[in-house]
S.K.: 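Dumping the structure here so I can ask a few things about it.
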Amino acid sequence: IALKQTMKAAVITTFGHPDVVSIGETALRDMRPDEAIVRIEAAAANPLDLKIVAGYMQQVFPVALPYTPGTDFSGMVEAM
């Protein structure tokens with residue numbers, strides 16, 4: 001399968017309200033052995049995502065910025 005070198009993604013570069021989330025093109029990095037590339041068909045924001053975006057989960061679920069939020073999605077596996 002020929003994969004695109006970029007993908008659209010929601011990204012945060014700072015913690016805050018949901019308006020800090022921006023959608024744009026980002027580079028598709030090399031996969032690690034335990035990862036898959038999924039072509040997302042549907043996605044949703046849930047309360048956990050909103051808490052991560054706000055920065056409330058850093059002690060329990062630390063993330064490095066920039067970060068692509070999203071824990072609820074479905075789609076087709078493109079590569080493994």
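The basis for the numbers below is simple: all heavy atoms, side chains too, and nothing from hydrogens, waters or symmetry mates. One is the number of the first residue; the rest follow in order along the sequence.
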S.K.: Decide yes or no for Thr13 and Leu65: does some side-chain heavy atom of the first lie under 4.5 Å from some side-chain heavy atom of the second?
M.R.: no
S.K.: For Asp30, look at atom CG and say whether over 12 heavy atoms of other residues, nucleotides or ligands are found less than 6.0 Å away.
M.R.: no
S.K.: Compare all side-chain heavy atoms of Val11 with those of Tyr67 and state whether any distance is below 4.5 angstrom.
M.R.: no
S.K.: Contact between Met31 and Ile37 at the side-chain level, heavy atoms closer than 4.5 Å - yes or no?
M.R.: yes
S.K.: For a 4.5 angstrom cut-off between non-hydrogen side-chain atoms, does Glu25 reach Met7?
M.R.: no
S.K.: Side chains of Thr71 and Asn46, heavy atoms from C-beta outward: is any pair under 4.5 Å?
M.R.: yes
S.K.: What I'd like to find out is whether the side chain of Pro18 reaches to under 4.5 Å of the side chain of Leu50, using heavy atoms alone.
M.R.: yes
S.K.: For Asp49 and Gly70, which heavy atoms make the closest approach, and how far apart are they?
M.R.: OD1-N, 3.4 Å
S.K.: To the nearest 0.5 Å, tell me how far Leu28 CG sits from Glu78 CD.
M.R.: 10.0 Å
S.K.: Work out which heavy atom in Ala10 is nearest to a heavy atom in Pro69; give both atom names and the distance.
M.R.: O-CD, 3.5 Å
S.K.: Can you list the steps and then say if Ser74 with Glu41 is a side-chain hydrogen bond (donor to acceptor under 3.5 Å, both in side chains)?
M.R.: CA-CA 6 Å; Ser74 66; Glu41 298 291 336; over 6 Å; no
S.K.: Following the transitive rule for hydrophobic clusters with a side-chain heavy-atom cut-off under 4.5 Å over Ile, Leu, Val, Met, Phe, Trp and Tyr, establish whether Ile23 and Ile52 coincide in one cluster.
M.R.: no
S.K.: Return all side-chain donor-acceptor pairs below 3.5 angstrom for residues 53-61, not counting sequence neighbours, or 'none' if the list is empty.
M.R.:
{"from": "Gln58", "atom 1": "OE1", "to": "Val63", "atom 2": "N", "distance (Å)": "2.9"}
{"from": "Gln58", "atom 1": "NE2", "to": "Val63", "atom 2": "O", "distance (Å)": "3.3"}

S.K.: For residues Ala42 and Ile40, report the shortest heavy-atom separation together with the two atoms involved.
M.R.: O-CG2, 3.5 Å
